[in-house]
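To start, the structure under review is shown below, and the notes come after it.
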Amino acid sequence: MALKPSIPKGTRDFSPAEVLKRDYIFGTIKEVFKLYGFQPLETPAMENLSTLLGKYGTEGDKLLFRILNSGDFLEGVSESELQNPDHSVLSSKICEKGLRYDLTVPFARYVVQHRNEITFPFKRYQIQPVWRADKPQKGRYREFYQCDADIIGSDSLLNEYELIRIIDDVFSKLNIPVAVRLNNRKILMGIVEAAGVSGRFSEIAVAIDKLDKVGMQAVEEELVGKGIPRSAVESLKNILEVEGSNAGRMEKLKQFLVNSETGKKGIEEMETMFRLINSDPPSSEIVFDLTLARGLDYYTGTIIEVKATGVNIGSICGGGRYDNLTGIFGLEGVSGVGISFGADRIYDVLTLKEGFSSLGTSASKVLIVNFGDTELQYALRILKILHSHGISAQIYPDAIKIGKQFAYANSLNIPYVVVAGEDEIKGSEVTVKNMAEGSQTRISIEKLGDFLTMQT
RNA sequence: GUGGAUGUAGCUUAGUUGGUCAGAGCGCCAGAUUGUGGCUCUGGAGGUCGCCGGUUCGAAUCCGGUCUUCCACCCCA
């Protein structure tokens, strides 16, 4: 019985047209990364599970794809381990590797492993797929590309500022209007501290992160439901509901955080960043958003999130500062900050906004009609001339009906067709047809290269 | 991981008291047009109605399971 071919759920094939569009996104991002002095890096698809586990919270651990050991994976597993209802013990024994969940943790691992070869501060970019065993939904895949830029080994807020400029540059080039939201973990910790519930930081962070989505009442209910004291919830509510300009809200916060050293440090950092930003305002909207709490467990300072305005597709870029990430791998005192562009979601946004429409997706610029053996020498000569001019060209491989060859050019969006049959060969000429206009020009073979170079 | 929908030709889909129900449009292929594509016309090929099992004389249609895709939650790019 013939099986219907399929691919694992949450994964996708990319057709030629799709790859071309995706490369346009990668190319744009890469160009900006290079402009700011970032160097390329690639790491393996799989990492040792021990470097991945525990970096993304307990939820994240569940979403890791684990790779079953090759060979007899049950070798050395005892009967009691097989019977143990806590499968995590068994799992860690039969799976030693996992697929990378993001690019930041492998990067941190790389930095620690190669610390003696690296000149700090180290600025690298990395564009590779990552895998998450999430339940797929629209805009959420199990295999997707991240485009990361990180600076490691520098505390300066200039790095944060630079990343914001990169975000602004990339989305300007892609012609996607975005809103950049900024917050700082230190401010959030300060608020939680001032409310007297610092022990419950991550739960509270997750809850207030949903504020713009579910509203204040639902957040209050969630917090109270989790056993946070009413008085603390009220206190949090008051500060979260403050409105006004970026600067105005920071002023109010200062008063609230007067007794929290961490909180004051956070505000100070945020003010420095806005001073830098306002000295040369970017085209994107930059908002200080106290309710932005998301980010992986390892973020400790600035948090950045970018959403495209006018489309409901979730966050298309995110990042932040992490002070302790390399500490887990044994290298203390190195601070990093980075951002990650979600290429697949950017692709979806561009599709919705028809941002690809100006992008040519043709396989080549010229198709040379194949008339048969007699004319083949001449056709090959034309091909060589075009290639030497750097023009992408191909000969139709079979000498089938001319009409079919034109239809081929048409369906592949090839803009020019070169016809060279008996008549043209006699006069050392060719006929060039412009497919979009339908017009034809007959010129000598010597002029062909220059003629087509000038056509766009 | 929890809850809810969905699944008919390559694509979009019509099709309920279960009995000519396997249809349409687009696309594809061929011809009209043997040195010229897009438009038009004519003809043609393509479907175990997601998969497995059950109920029934009989199921695309009812039931159970399973997979897929989509939506909400969780979390996140």
Side-chain angles (χ1 to χ4, degrees), chain A residues 1-12 15 25 29 56-64 101-104 127-148 202-203 205-207 209-210 213-214 218 222 293-297 299 304-308 312-320 338-349 367-372 375 396 399-425 430-440 442:
Chain A
M1 186 166 138
L3 284 173
K4 245 189 185 166
S6 64
I7 54 175
K9 73 168 161 186
T11 66
R12 297 152 296 161
S15 67
I25 296 171
I29 293 172
Y56 311 106
T58 44
E59 284 301 315
D61 284 354
K62 283 188 217 156
L63 299 178
L64 285 171
Y101 181 89
D102 70 359
L103 300 178
T104 308
I127 299 178
Q128 289 190 279
V130 302
W131 294 268
R132 297 183 187 179
D134 225 333
K135 196 161 181 171
Q137 271 180 44
K138 199 166 202 75
R140 171 178 288 194
Y141 310 101
R142 290 186 146 185
E143 177 186 62
F144 60 97
Y145 275 87
Q146 289 196 329
C147 312
D148 277 32
S202 52
E203 289 164 83
V206 168
D209 187 51
K210 293 176 200 158
K213 205 171 173 185
V214 299
E222 178 169 346
R294 71 179 54 194
L296 297 156
D297 271 11
Y299 288 140
I304 304 167
E305 185 183 78
V306 184
K307 278 187 175 167
N312 183 25
I313 226 152
S315 140
I316 54 175
C317 178
I339 47 168
S340 178
F341 289 86
D344 301 271
R345 286 190 179 171
I346 292 172
Y347 184 101
D348 291 344
V349 171
L367 178 77
I368 301 163
V369 170
N370 186 333
F371 278 91
E375 294 85 355
Y396 195 88
I400 57 165
K401 270 192 189 173
I402 308 277
K404 296 236 182 237
Q405 301 191 37
F406 272 87
Y408 174 81
N410 193 52
S411 72
L412 265 65
N413 285 319
I414 296 175
Y416 298 95
V417 174
V418 168
V419 181
E422 205 181 330
D423 283 359
E424 285 88 350
I425 294 174
V430 295
T431 300
V432 180
K433 175 156 181 169
N434 178 322
M435 293 297 277
E437 293 172 10
S439 59
Q440 294 196 169
R442 190 148 165 170

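Computed from a predicted structure; not experimentally measured. So that the names make sense, note that chain A is the first sequence line, chain B the second, and so on, each numbered from 1.
- Contact annotation for A/Ser315: backbone-only contact, meaning every heavy-atom pair under 4.0 Å involves sugar-phosphate atoms and none involves a base.
- One distance of note links SG of A/Cys317 with CG of A/Asp148; it measures 9.0 Å at 0.5 Å rounding.
- RNA chain B is contacted by both A/Gly318 and A/Glu222; A/Glu222 maps to the nucleotide lying nearer its 5′ end (nearest heavy atom per residue).
- Glycosidic conformation at B/G44 (O4'-C1'-N9-C4 for purines, O4'-C1'-N1-C2 for pyrimidines): anti, more than 90° from 0.
- Put simply, NZ on A/Lys62 is 18 Å from P on B/C73, counting in whole angstrom units.
- With both ends at atom P, the span from B/C71 to B/U13 equals 15 Å, rounded to whole Å.
- Between B/C62 and B/G19, the distance separating the two P atoms is 12 Å to the nearest Å.
- Residues A/Ile414 and A/Met435 form no side-chain contact, since every pair of their non-hydrogen atoms from C-beta on lies 4.5 Å or further apart.
- Look at the P atom in both B/U16 and B/C76: the space between them is 45 Å, to the nearest Å.
- Separating the P atom of B/U2 from that of B/U66 is a span of 12 Å, rounded to the nearest Å.
- Side-chain contact check for A/Val419 versus A/Phe406: some heavy-atom pair is nearer than 4.5 Å.
- Within 4.0 Å of A/Lys210, counting heavy atoms only, lie sugar-phosphate atoms of the nucleic acid but no base atom.
- With values rounded to the nearest 0.5 angstrom, A/Arg345 atom CZ is found 6.5 Å from A/Ser315 atom OG.
- Taking atom P in both B/G10 and B/A77, one finds a spacing of 38 Å when rounded to whole Å.
- One interatomic measurement links the two molecules: OH of A/Tyr56 to P of B/A77, which rounds to 11 Å at whole-angstrom precision.
- Paired with A/Asp344 under the rule side chain to side chain donor-acceptor pair (under 3.5 Å), one option of A/Gln146, A/Arg140, A/Arg12 passes, and it is A/Arg12.
- Whole-Å rounding puts the A/Asp102 CG to B/C75 C1' distance at 14 Å.
- Considering CZ of A/Phe144 and CZ of A/Arg142, their distance stands at 12.0 Å, rounded to 0.5 Å.
- The aromatic rings of A/Tyr56 and A/Tyr101 sit tilted, their planes meeting at an angle between 30° and 60°.
- Side-chain contact between A/Ile402 and A/Phe371 is present, with at least one heavy-atom pair separated by less than 4.5 Å.
- Distance A/Leu63 CG to B/A77 C1': 13 Å, rounded to the nearest Å.
- Straight-line distance between the C1' atoms of B/G18 and B/C49: roughly 14 Å, to the nearest whole Å.
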Filtered N/O pairs between nucleotides 66-71 of chain B and protein, under 3.5 Å:
from  : atom 1 : to       : atom 2 : distance (Å)
B/U68 : OP2    : A/Lys9   : NZ     : 3.4
B/U69 : OP1    : A/Gly10  : N      : 3.3
B/C71 : OP2    : A/Lys138 : N      : 2.6

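- Going from the P atom of B/G31 to that of B/G35 covers 13 Å, rounded to whole Å.
- In this structure a side-chain-to-backbone donor-acceptor pair under 3.5 Å is present from A/Asn370 to A/Tyr396.
- One side chain, A/Glu424 or A/Thr431, offers a donor N or O that lies under 3.5 Å from an acceptor on the other.
- If you measure from atom OH of A/Tyr101 to atom P of B/C76, you get 7 Å, rounded to the nearest angstrom.
- When heavy atoms are screened at a 4.0 angstrom cut-off, A/Val130 is found touching no nucleic acid atom at all.
- Under the Watson-Crick and G-U wobble criteria, each requiring two contacts below 3.5 Å, nucleotide B/C62 is paired to B/G54.
- B/C73: Watson-Crick or G-U partner is B/G1, with both key distances under 3.5 Å.
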Subject >> B/S/- contact track for nucleotides 33-44 of chain B, protein heavy atom under 4.0 Å >> reply: --BBBB------
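- The partner of B/G37 cannot be assigned: no Watson-Crick or G-U wobble pair with both contacts below 3.5 Å exists in any strand.
- The same atom, P, is picked in B/A9 and in B/A60; the two are 14 Å apart, to the nearest Å.
- Summarising the base pairing, B/G10 is matched to B/C26 through a Watson-Crick or G-U wobble pair whose two defining distances lie under 3.5 Å.
- Taking the side chain as every heavy atom from C-beta outward, A/Arg132 and A/Asp102 approach each other to under 4.5 Å.
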